Structure formats: C-alpha cells, structure tokens
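Here's the structure, in structure tokens; my notes come after.
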Amino acid sequence: MNDEPNAWELRYQESRTGWQREDVSPALLAWLADGTLKPCRILVPGAGRSHEPLHLAQARFQVTTLDIAPSAVAHQRAGLAALGGTALEGDVLSFDASQPFDVIYEQTCLCALPPDRRAAYAAQMRRWLRPGGVLAALFMQTGRDGGPPFHCALPDMRALLPETAWRWPDRTWPEVPHGDGLFEIPLALIRI
Ligand SMILES: C[S@@+](CC[C@H](N)C(=O)[O-])C[C@H]1O[C@@H](n2cnc3c(N)ncnc32)[C@H](O)[C@@H]1O
C-alpha cells in the first residue's frame, strides 16, 4: 500500500475498503447528542464513501467533503447534491479553503497519510479552521508499525497539535472499535 493518489482510487475500484463503516460513527452521534457539534460549516477531509457527510447534511450542517479518489468524490456528490453540500476532489496537502470552516470532522484521513506528511496536514487543518473552530478527530489506534492505517499515538498527537495552537478537551468520549483490534479515540480540540 502507498499513498499515491491512484492507489486510493484503485482500492475503491477493487473494493479493498476495510476501513469503511457500515453506518455513522458512534463518536459523531455522541458529539451531535451532547452539543459538541451543532449545525455549521463543516469540512470532512478524506471523506471517502463514508456515511457521516450525508448524516451531517441531513442534520442541517453545511457540508464540504474533500478526497483525492474521484469515485469517492462522485459518491459523496451524489448524496450531498440535494442537500446543498459540496464534494471536492483534491489533495488535503494543497487544498486552499476560500472561506474558513467552523468544524473539521477528521475520520481516518490523518491515519491514511504517511507520518512524514502529518505536520503539513496539521498545518492545513489549522489554516482551514476559524479561531475557536472545532477539530473533531478520531485518532486511530493500531498499536503496530506501518500502515495505512498508521498508528496515531496520543503523545504523538499532542506533539503534532500542540497546546499553543489547540485547546485539548478536559473530558473524553467512548473509544470507537474499528475491527481487527483497531480502535479510535475521539477528541474534540478547539483551534486557538
Ligand atoms: C482510510 S480512508 C477513510 C475514508 C473515510 N474517512 C471513512 O471513514 O470511510 C482514507 C481516505 O483519504 C483519502 N485520501 C488519502 N490521501 C489523501 C490526500 N492526500 N488528499 C485527499 N484525500 C486523501 C482516500 O482517498 C480515502 O478516501
């Protein structure tokens, strides 16, 4: 596996999409239920064919998705069109938001990127969000070397998203199982 753009498209074409959930993540449902996330302008980078963008649009969020795989973009576009959402094709490392977002929903895009691109991606996320905006992130825990998905150890995430730039929450949310012994740690950070 590598991170060449067509490698991701190929995985969709060949249905090698083991990361895909059957339904909306319980973390997103929890954030909607407890008011962490309220209707606003939201970006879902590396959205793939996930269910969350449509769910958010149905919950009256103004949704923009971004992905490098054309067929995943087409899938999101078909779902979002009637609800006023936007599905963009592009690279998260070069995407330039014309207007800042209130929230980023980060679900398994960070862990899909090679670790040496993380700093660039973190800088991008900070650029895309308005001050006070929320980074609703699911940090993938694989406990093993290599990837994708690449392990997102919390100490590494704290170094990547330092407290000088992000306010970390003083509470936790339930971990989300991801099959094969993998799980995600949901955390909602505030962009300073
Ligand atoms: C592991 S999948 C997760 C998809 C989706 N978030 C989900 O939960 O089902 C990673 C996604 O990120 C996309 N991706 C990988 N590298 C990317 C990049 N540099 N720019 C934009 N999208 C990228 C892939 O095409 C793929 O859809």
Side-chain angles (χ1 to χ4, degrees), residues 1-32 37 42-57 61 63-80 85-97 101 103-128 135-142 144 146-152 160 173 175-188:
M1 283 189 264
N2 60 44
D3 69 327
E4 292 301 319
N6 62 2
W8 286 101
E9 178 57 34
L10 198 60
R11 297 180 88 206
Y12 284 107
Q13 298 296 338
E14 296 176 350
S15 299
R16 290 184 288 116
T17 53
W19 61 79
Q20 200 160 315
R21 297 192 165 281
E22 300 283 306
D23 209 340
V24 176
S25 171
L28 176 58
L29 298 178
W31 280 326
L32 293 173
L37 300 183
I42 189 167
L43 176 67
V44 186
R49 299 170 63 98
S50 59
H51 301 277
E52 287 76 10
L54 183 59
H55 188 81
L56 286 161
F61 284 72
V63 179
T64 299
T65 65
L66 177 65
D67 204 285
I68 211 159
S71 65
V73 176
H75 174 89
Q76 294 295 352
R77 195 167 284 154
L80 292 173
T86 306
L88 302 174
E89 184 180 327
D91 189 329
V92 294
L93 300 176
S94 56
F95 172 66
D96 197 5
F101 289 89
V103 172
I104 294 172
Y105 183 71
E106 188 349 281
Q107 177 176 290
T108 56
C109 182
L110 174 62
C111 71
L113 298 173
D116 66 359
R117 312 266 171 94
R118 283 180 178 174
Y121 180 50
Q124 280 285 79
M125 290 195 289
R126 193 153 192 284
R127 244 174 252 131
W128 298 333
L135 170 60
L138 288 124
F139 294 121
M140 174 63 79
Q141 307 299 299
T142 72
R144 52 190 189 228
F150 294 95
H151 184 54
C152 295
L160 183 72
W173 289 267
E175 292 169 355
V176 180
H178 204 91
D180 277 347
L182 311 188
F183 65 98
E184 295 155 344
I185 298 177
L187 286 169

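Predicted, not measured: the structure shown is a model, and the values here were computed from it. What you see below is based on every heavy atom in this structure, not just the backbone, and it leaves out hydrogens, waters and symmetry mates. Order of listing sets the numbers, starting from 1, for every ligand and every atom in it.
When heavy-atom distances to ligand 1 are checked against a 4.0 Å cut-off, A112 comes that close only through its side chain, counted from C-beta outward.
For the residues Q107, H51, R21, the heavy atom positioned nearest atom 6 (N) of ligand 1 is part of Q107. Of the candidates P45, G90, G46, G90 brings a heavy atom nearest to atom 21 (C) of ligand 1.
Using a 4.0 angstrom heavy-atom cutoff, A72 does not count as in contact with ligand 1. The closest approach between any non-hydrogen atom of L93 and ligand 1 is not below 4.0 Å.
V92 places a side-chain heavy atom less than 4.5 Å from the side chain of L66.
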For S50 and Q107, what are the C-alpha separation, side-chain angles and deciding distance, and is it a side chain to side chain contact (heavy atoms under 4.5 Å, CB included)?
CA-CA 9 Å; S50 59; Q107 177 176 290; 4.1 Å; yes
Decide side chain to side chain contact (heavy atoms under 4.5 Å, CB included) for L182 and Q141; before the verdict, give the C-alpha distance in whole Å, the side-chain angles of both, and the deciding distance to 0.1 Å.
CA-CA 6 Å; L182 311 188; Q141 307 299 299; over 6 Å; no
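Checking only distances, T108 does come within under 3.5 Å of ligand 1, N or O to N or O. Polar contact with ligand 1: present for Y12 (N/O pair, distance under 3.5 Å). In terms of polar-atom proximity, L113 is not counted as a contact of ligand 1, lacking any N or O under 3.5 Å from an N or O of the ligand.
For residues 178-188, the salt bridge (charged side-chain N to carboxylate O under 4.0 Å, His left out) pairs, not counting sequence neighbours, are R21-E184.
A distance of 10.5 Å separates CG in L110 from CZ in F150, rounded to the nearest 0.5 Å.
Under the 30°/60° scheme for interplanar angles, the aromatic rings of W31 and W173 are found to stand perpendicular.
Below 4.0 Å from some heavy atom of I68 lie the following atoms of ligand 1, by number and element: 14 (N), 17 (C), 18 (C), 19 (N), 20 (N), 21 (C), 22 (N), 23 (C), 25 (O).
Between Y12 and W19, the distance from one ring center to the other falls under 6.0 angstrom.
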